[in-house]
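Atoms within a ligand are numbered from 1 in the order they appear, just like the ligands themselves. Sequence positions, counted from 1, serve as the residue numbers for this chain.
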Amino acid sequence: MTELTKMVIPVAGLGTRVLPASKVIPKEMLTVVDKPVIQYVIEEAIEAGFKEIILVTRPGKESIENHFETHSELETALEHKGKVALLASVRDMLPDNVRLSTVYQHQPLGLGHAVLCAAKLIGDEDFAVTLPDVLVFNADGDHAHDLKAIVHAFKQNHAAQIMVEAVADDKVSSYGIVDCGGAEFLPGESHNVIAMVEKPPVGEAPSNQSIIGRYILPARTMTLLRETRPGAGGEIQLTDAINALIAEMPVQATSMQGRTYDCGNKLGYLIANIKFGLNHPEIGADLAAWIRQQEL
Ligand code: G1P
């Protein structure tokens, strides 16, 4: 095991499920209440202790990394106007000890391929992968709680970690699904994975535990990814590389204590806005009051 400081976030996708909103604005830059989706995800990573965040991106999505740059003109203007809270919200988005870097994925060859594009920056270190469509909400307000838990489990158990959440049986075909030999999951519990299936047809899934997009993986995964041939959808699948990993070392699925909010589709995005809106200190109470007044 190596130090676990690096996280890969693939952001090169075309965002076809949220068009036309994502035609020019990267889907990762769409806002949930008052922050772009990517900011929630990066805050979660920083909160969980990650120091090197690697965006796998493509030309045309530079606004993602720009969002985390210093905007001197804006900061000076806010300072002059004495807008202290607003200034704090745009200043120092990345702590001094956190580095954000980008690599390009020039062809859309799948999630596994996207992760492989970060191989040089990962070197021979263990690493995490976060899928930026999915926001995690935890009722205790610590939305990094589950990520911290799998980081801890990885170090403690020396097993790769896959975060999972139960989905309705008719939704299994939208996700990677884990086979843990029929094990029942209580929130926060881990079970060894026997196999993972990418988007199985309804009725053929080994369980309803879906892969939500938070992974802690050993360095070896990059080598296995290099050897992974195109799988489901003709794409190089991270799921297939992890399946190969299972033959070599324990891989655990850990069930979440929080809930996911998938911003990668229209309904999920809207629900995420309502959930995070209801919990927003500035507007939550007013939003709740407005919702109560609506005729359903
Ligand atoms: C990817 C993964 C899948 C996972 C899903 C979570 O699929 O391949 O295993 O369950 O993300 O959102 P995608 O949604 O990118 O097709």
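- Not a single protein heavy atom sits closer than 4.0 Å to atom 15 (O) of ligand 1.
- Q257 and N138 share no donor-acceptor pair across their side chains, judged by distance under 3.5 Å alone.
- Taking a cutoff of 4.0 Å between a charged side-chain nitrogen and a carboxylate oxygen, R214 and D146 do not qualify as a salt bridge.
- When ring centroids are compared, Y40 and H143 stay outside the 6.0 Å threshold.
- Taking a cut-off of under 4.0 Å to the non-hydrogen atoms of E198, the atoms of ligand 1 that pass are 2 (C), 3 (C), 7 (O), 8 (O), 9 (O).
- Between K199 and ligand 1 there is a heavy-atom distance shorter than 4.0 Å.
- Checking only distances, I212 never comes within under 3.5 Å of ligand 1, N or O to N or O.
- Given atom 12 (O) of ligand 1, the protein heavy atom at minimum distance is V134 CG2, 4.1 Å.
- A donor atom on one side chain and an acceptor atom on the other are not found under 3.5 Å apart for H71 and E69.
- Here is the list of ligand 1 atoms found below 4.0 Å of a heavy atom in I211: 4 (C), 5 (C), 6 (C), 10 (O).
- Two different hydrophobic clusters hold F185 and V136 under the rule that ILVMFWY side chains link at heavy-atom gaps under 4.5 Å.
- Heavy-atom proximity to T239, at under 4.0 Å, picks out these atoms of ligand 1: 9 (O).
- Closest protein heavy atom to atom 11 (O) of ligand 1: L131 CD1, 3.2 Å.
- Contacts of D262 with ligand 1, taken as heavy-atom pairs under 4.0 Å, are absent altogether.
- Put simply, the side chain of Q39 reaches to within 4.5 Å of the side chain of F68, judged on heavy atoms.
- A salt bridge does not link D126 to K6: none of the charged nitrogens lies less than 4.0 Å from a carboxylate oxygen.
- Which parts of ligand 1 touch Y175 is read off a 4.0 Å heavy-atom cut-off, strictly below it: atoms 10 (O).
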